[in-house]
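The structure appears right after this line, and notes come after that.
Letters A, B, ... mirror the listed sequences (proteins, then strands); counts begin at 1.
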2 protein chains.
Amino acid sequence: MKNLLFEFISKYISLTEDEKQILINLDIFHSFKKGAVLLEEGQKSNKGYFVLKGCIRSYYVIDGEEKTTAFYTEMEGLTPSCVLNGKCSKNTISCVEDSILTVSDPNMEAEIFQKFPKFETMCRVLSEEILVKQQLDFDAFKVSSPEQRYLNLLEKRPDLIQRVPQYQLASFLGIKPQSLSRLRTRVIEKNKNSVLS
Amino acid sequence: MKNLLFEFISKYISLTEDEKQILINLDIFHSFKKGAVLLEEGQKSNKGYFVLKGCIRSYYVIDGEEKTTAFYTEMEGLTPSCVLNGKCSKNTISCVEDSILTVSDPNMEAEIFQKFPKFETMCRVLSEEILVKQQLDFDAFKVSSPEQRYLNLLEKRPDLIQRVPQYQLASFLGIKPQSLSRLRTRVIEKNKNSVLS
DNA sequence: TTGCATATTTTATTTTTGTTAAAATGATTA
DNA sequence: TAATCATTTTAACAAAAATAAAATATGCAA
């Protein structure tokens, strides 16, 4: 598991064995069972997560209904908003599958950044990359119809459609589960026709 | 104008006069006329922008129609995706108003980061803050109806509704100009009733 | 200033999604 | 296995958005 993390880090900076050992000594690797709650609505937390294996999701409960807004899978990281703004969380973070995650907090980061400035450089670069990626995702969401969003998801993250229940995908796509069900039959119908012709 | 920038920076780090002078010497302050294009679709660029005064927007041209996805106003910054991924830009960045911006590129950043590591810390923190803020915006967008999005914009960025043509706001809200027009009359109608009762 | 061209907003018709309710299917476990 | 709970599908109807077309506003040149 550790190697997954170091392989990922190696894309940005190179670490000596000593540096790796220091990271390991921070005891950041943790396993969670499917359904485990990492952050509960109304609570505060200073923990950030990085997915080595598995899948976690963020959701809000609005008028008694779960609204899923994000999924994080292998090699994706998440810092809940409450870590930075100190407010109570409006959303819940939980594991969709059994997962292996790294867990860290600002104190640990400060310690590492002080010891290895290149680690802060990596985090800056990573953060900027993710920001750009998310901006593109947001753009695509805005300019697309629900059907286009579904087709786009099918292309870009086909695994999610397998790993995650449809009613969670629906709010992730900004629509209701019933609409997603309808939309899918429509898409399948169209494909039939285009294959025939 | 310079003071606006230094005031902003002072929220994150403190700069000596020498450090400020070095920043000024980089010649990052530039004025642009309304309509000026900062980045054109299909082009590459390594320039990032920070708005000191004015307003710039990002838009895509899809099937001959402009789809506005973002506005940046005072004290907001933008790094186009092509700066990081090196690909041709899919969107256009242009000035909605006469604007005063800082313009920078990765080389300039590298130079500053090397001279003042605290500057890189600021950029990391800023980037993480913006990332969290954008995630919250994206979440709110997903769980809201167009009408709720409009009301939310009215509350959070009322200036935009004054500064920007309605058809640009529409795609920013993920709908067509026609729908926004109808939606507004609906909202006004509701307000009438609630004022009467 | 008028008149024209373009930009922007509004108004009708069609399509899609939301809503509510219920049924069908699938998974879990007592 | 039956019983329960979770998830997906289907149906009917209301509401909202997309599409298409018209109306209005704006900027600019003669």
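When each of F71(B), Y60(B), F141(B) is checked for a ring-ring contact (aromatic ring centres under 6.0 Å, His included) with F172(B), only F71(B) meets the rule.
To the nearest angstrom, P of dA18(D) lies 10 Å from CD of E65(B). Atom CZ in R149(B) sits roughly 14 Å away from atom P in dA16(D) (whole-Å rounding). In this structure, the NZ atom of K142(A) is 19 Å from the C1' atom of dA18(D), given to the nearest Å. Atom-to-atom, CG of L173(B) to C1' of dT9(C) comes out at 16 Å; the value is rounded to the nearest Å. Atom OH of Y167(A) and atom P of dG26(C) are 18 Å apart (whole Å). As rounded to whole Å, 15 Å separates atom C1' of dA15(D) from atom CD of Q178(A). Per the geometry, NZ belonging to K67(B) stands 14 Å off P belonging to dA17(D), to the nearest Å. The interatomic distance linking I62(B) (CD1) with dT19(D) (C1') rounds to 17 Å, in whole Å.
A sub-4.0 Å separation between OP1 or OP2 of dT10(C) and a side-chain N or O of Q166(B) is present. Close to dT9(C), at under 4.0 Å from its OP1 or OP2, lies no side-chain N or O of S181(B).
Within a 6.0 Å sphere centred on NZ of K34(B), other residues, nucleotides and ligands contribute 12 heavy atoms or fewer. Counting non-hydrogen atoms of other residues, nucleotides and ligands closer than 6.0 Å to CD of Q21(B) gives a total above 12.
We find that R124(A) and E120(A) are not joined by a salt bridge, their nearest charged nitrogen and carboxylate oxygen being 4.0 Å or further apart. A salt bridge does not link E129(B) with K11(B): every distance from a Lys NZ or Arg NE/NH1/NH2 to an Asp or Glu carboxylate oxygen is 4.0 Å or more.
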| query | Could you walk me through whether Y49(A) and Y72(A) pass the ring pair (Phe, Tyr, Trp, His ring centres under 6.0 Å) check? | reply | CA-CA 10 Å; Y49(A) 302 93; Y72(A) 302 86; 9.8 Å; no

| request: Mind running side-chain contact (heavy atoms from CB on, under 4.5 Å) on Y167(A) and T68(A) for me, showing each step along the way? | output: CA-CA 9 Å; Y167(A) 76 99; T68(A) 298; over 6 Å; no

Which atom pairs link the protein and nucleotides 15-18 of chain C when you take only N or O atoms and keep those under 3.5 Å?
unit_1, atom_1, unit_2, atom_2, d
dT17(C), OP1, R186(A), NH2, 3.4
dT17(C), OP2, R186(A), NH1, 2.5
dT17(C), OP2, R186(A), NH2, 2.9
dG18(C), OP2, S179(A), OG, 2.3
dG18(C), N7, R182(A), NH2, 3.1
dG18(C), O6, R182(A), NH1, 3.0

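Note: S81(B) OG to K87(B) NZ = 9.0 Å, rounded to the nearest 0.5 Å.
Axis angle across the helix from dT1(C)-dA30(D) to dA30(C)-dT1(D), with five pairs used at each end and values rounded to 10°: 30°.
Cluster annotation: L39(B) is connected to V51(B) through the hydrophobic network of ILVMFWY side chains, with a link wherever side-chain heavy atoms come within less than 4.5 Å.
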